[in-house]
Amino acid sequence: MQGTEYGDEKLKQNMAEELRTRLLECQKEGRPLRVYCGFDPRKADLHLGHTVPMRKLRQFQELGHDVTFVIGNYTSLIGDPSDKDVLRPQLTHEEVEENARTYAEQAFRILDKEKTHIRFNAEWLAGISFEQLIRLASNFTMQQFLTRENFKLRWEKGDAIYLHETFYSLMQGYDAYALKADVQVGGTDQLFNIMTAARKIMEFMGEKPNIALILGILPGTDGVVKMSKSLGNHIPINTDANDMYGKVMSIPDMAMAQYYRLVTRLTPPQIAEIEEGIKNGSLHPRDAKMRLAREIVSAFYGDDDAINAEKVFIETFQKGSIPDNIPSFKNSENNTIIDILLTTGLAKSRSEARRLIDQKGVRFEGKVIDNANDVLPGNGVLQVGKRHFLRIE
RNA sequence: GGACGGUUACCCAAGUGGCCAACGGGGACUGACUGUAAAUCAGUUGGCGACACGCCUUCGGAGGUUCGAAUCCUUCACCGUCCA
């Protein structure tokens, strides 16, 4: 139950107890636990936040349990309203299929491909009749939905709450039933979907309700709000080692604890040791974060790349030298600095380029440029802000 | 079907005839400080610019009134709330 977060001690105890019992039952039946987690391919890219439940699944795999990775190609048509206080746009089948394509592939950076079942929930949801829907829906009251925080908020604001948004929970609940799941993994935003919807539907359909394994939510690079691509605070999985390392370093210190718990392989005692070190001053928070970054990068790219990413980071940012791989630009004589910034995309407009120069944000060979209409004296490295470099040739 | 209300820059949101390229907040960007931190502080955030309180394009779409409109009128589109 490490890394779990139920927001209610009693619930956590109940779930832990139920899990123990279920494990024993399974042992008697001579089968592993059926564990699953669903992912909605509403965006094409997975990010670190998605890997939190995946890691949990991986742990189950390593213990010999039966893991299913559900791609919510049908649920994605609605979009989970759980973590949003506004309506999510509906996607088309085509958009969802397109996103789903790369999903599994990215997931296998965490999960063991050989031991993972991949299922698409359209498989069982697409064929549900209206009659079945009526039966499922009759297990729930409007009040149950309206007292959920996110709907309640919208209700009070006088914002629209569409009927179809309530279907999402039913659909997810039906997933659990279709898979005859013993355990369902999800973030705290899934508490309602798992605890209320899935368990109720499973019981209604004559199955044993699945056990909710609720995990903490990984904050984004701002350290506060849930990681999400649409908020721009995400760390994508599909990025290179250097970028990933840098992005982890940019999280605020206060978020380190969550990151250590949710996205590293360190054990609780190891994490406790690090936290104690920071507290008593024997470990510099920066070094703790560097270790965190190394851990995370190595999980995706291996130790060699992680160590290399750290070197690059130290060189570039701590020592302020210029990175190795920077784009180059073939300059011609009559290009002013503004022209260069514009054509290379370092500035979106001439005005923006001027602004950057006015604000002393543009340097050539380390010297601040103060006249926008200057022509560069020769070859060298042009730097915009802290992170953008261009080799002028 | 009836009665209201809304649509403003990346997002939220003020503005109800001229001082509006448009208050404020968020985000983003630049600089200072730093641990590429975070927090904080300062600045910037439509385009073009000989950098001038100049010009051009913006306030859902189209048309109109006016010397002058985001603001008034007509019309179209979309959205919401309430009543039934």
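Per chain, numbering begins at 1; letters A, B, ... match sequence-line order.
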(request) Using a 4.0 Å heavy-atom cut-off, write out nucleotides 38-46 of chain B from 5' to 3' as B (base contacted by protein), S (sugar-phosphate only) or - (no contact). (result) S----BSS-
(request) Please go through A/I134's hydrophobic cluster and name the other residues, only I, L, V, M, F, W, Y counting, with side-chain heavy atoms under 4.5 Å joining them. (result) A/F130
(message) Connecting only ILVMFWY residues whose side-chain heavy atoms lie within less than 4.5 Å of each other, what is the rest of A/I340's hydrophobic cluster?
(response)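 Besides A/I340, the cluster holds A/F329, A/I337, A/I338, A/L341, A/L346, A/L356, A/I357, A/V362, A/F364, A/I369, A/L376, A/L382, A/V384, A/L390, A/I392.
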(message) Is there, by distance only and without an angle test, a donor paired with an acceptor across the side chain of A/R350 and the base of B/G47 below 3.5 Å?
(response)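 Not at all, since no donor on one side and acceptor on the other fall under 3.5 Å apart.
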(message) Does anything in residues 337-348 of chain A form a salt bridge (Lys or Arg N to Asp or Glu O under 4.0 Å)? List the pairs, not counting sequence neighbours.
(response) A/D339-A/R350
(request) Quick one: which residue pairs count as a salt bridge (Lys or Arg N to Asp or Glu O under 4.0 Å) with a foot in residues 199-217 of chain A, not counting sequence neighbours? (result)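 Every salt bridge (Lys or Arg N to Asp or Glu O under 4.0 Å) pair that includes a residue of residues 199-217 of chain A, provided the two are not neighbours, is A/E18-A/R199, A/E25-A/K208, A/K180-A/E207.
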Say you pick atom [atom1] in [N] and the same atom in [M]; how far apart are they, in whole Å?
{"N": "B/C76", "M": "B/C83", "atom1": "P", "answer": "28 Å"}
{"N": "B/C72", "M": "B/U16", "atom1": "P", "answer": "9 Å"}
{"N": "B/A14", "M": "B/A50", "atom1": "C1'", "answer": "37 Å"}
{"N": "B/G5", "M": "B/U66", "atom1": "C1'", "answer": "28 Å"}
{"N": "B/C59", "M": "B/G46", "atom1": "P", "answer": "15 Å"}
{"N": "B/C56", "M": "B/U7", "atom1": "C1'", "answer": "26 Å"}
{"N": "B/C53", "M": "B/G60", "atom1": "C1'", "answer": "32 Å"}
{"N": "B/G47", "M": "B/A42", "atom1": "P", "answer": "24 Å"}

(request) Would you please test A/F145 and A/F192 for ring pair (Phe, Tyr, Trp, His ring centres under 6.0 Å) and show each step? (result) CA-CA 9 Å; A/F145 283 90; A/F192 180 87; 5.3 Å; yes
Does the structure show a Watson-Crick or G-U wobble partner for [N], both distances under 3.5 Å? Name it, or say none.
{"N": "B/U16", "value": "none"}
{"N": "B/G27", "value": "B/U45"}
{"N": "B/G5", "value": "B/C79"}
{"N": "B/C53", "value": "none"}
{"N": "B/U58", "value": "none"}

Enumerate, atom names and distances included, each donor-acceptor pair closer than 3.5 Å involving a side-chain atom of residues 247-259 of chain A, sequence neighbours excluded.
unit_1, atom_1, unit_2, atom_2, d
A/K247, NZ, A/D243, OD1, 3.2
A/K247, NZ, A/D243, OD2, 2.8
A/S250, OG, A/K247, O, 2.8
A/D253, OD1, A/K289, NZ, 3.0
A/Q258, NE2, A/I217, O, 3.3
A/Y259, OH, A/P219, O, 2.8

(message) Between A/E29 and A/R31, does any NZ, NE, NH1 or NH2 come within less than 4.0 Å of an OD or OE carboxylate oxygen?
(response) yes
(message) Closer than 4.0 angstrom, basic N to acidic O: yes or no for A/K12 and A/E9?
(response) no
(message) Taking the minimum atom-to-atom distance to the side chain of A/L356, which one of B/C29, B/G35, B/G31 wins?
(response)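 Looking only at side-chain atoms, A/L356 lies closest to B/C29.
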(message) What verdict does the side chain to side chain donor-acceptor pair (under 3.5 Å) test give for A/T267 and A/Q270, after you've listed the backbone C-alpha separation in whole Å, the side-chain angles of each residue and the deciding distance to 0.1 Å?
(response) CA-CA 5 Å; A/T267 61; A/Q270 286 175 307; 3.1 Å; yes
(message) Whole angstroms only, please: what is the NZ-P distance between A/K386 and B/U30?
(response) 7 Å
Hey, can you pull the donor-acceptor pairs under 3.5 Å for the side chains in residues 276-284 of chain A, sequence neighbours left out?
unit_1, atom_1, unit_2, atom_2, d
A/N280, OD1, A/S282, N, 2.9
A/N280, OD1, A/S282, OG, 2.9
A/N280, ND2, A/E276, O, 3.4
A/H284, ND1, A/R286, N, 2.8

(message) For a quick test of reading the model: is some side-chain N or O of A/R354 closer than 4.0 Å to OP1 or OP2 of B/C29?
(response)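 Checking B/C29 against A/R354, no side-chain N or O comes under 4.0 Å of OP1 or OP2.
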(request) Give me the residues of residues 270-285 of chain A where at least one heavy atom lies under 4.0 Å from an atom of RNA chain B, by number, or none. (result) A/H284, A/P285
(request) Please list, chain by chain and in numerical order, all residues satisfying ring pair (Phe, Tyr, Trp, His ring centres under 6.0 Å) with A/Y245, sequence neighbours excluded. (result)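 Testing A/Y245 for ring pair (Phe, Tyr, Trp, His ring centres under 6.0 Å), a comparison that skips the adjacent residues, returns A/F313.
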(request) Can you sort out the partners of A/F69 under ring pair (Phe, Tyr, Trp, His ring centres under 6.0 Å), two or more places apart, ordered by chain and number? (result)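 By the ring pair (Phe, Tyr, Trp, His ring centres under 6.0 Å) rule, A/F69 matches A/F39.
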Just the table, please: protein N/O against nucleotides 53-59 of chain B N/O, every pair under 3.5 Å.
none

(request) Starting from the 5' end of RNA chain B, give me the residue, A/N242 or A/K348, whose nearest nucleotide shows up first. (result)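 Its nucleotide being nearer the 5' end, the pick is A/N242.
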(message) Please classify the nucleic acid contact of A/G385 as base, sugar-phosphate, or nothing, using heavy-atom distances under 4.0 Å.
(response)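 Sugar-phosphate, no base atom in range.
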(message) Show every side chain to side chain donor-acceptor pair (under 3.5 Å) that has at least one partner inside residues 115-135 of chain A, sequence neighbours left out.
(response) A/Q61-A/T116, A/D66-A/H117, A/T75-A/N121, A/R119-A/E123, A/N121-A/D175, A/W124-A/D175, A/S129-A/Q132, A/E131-A/R135
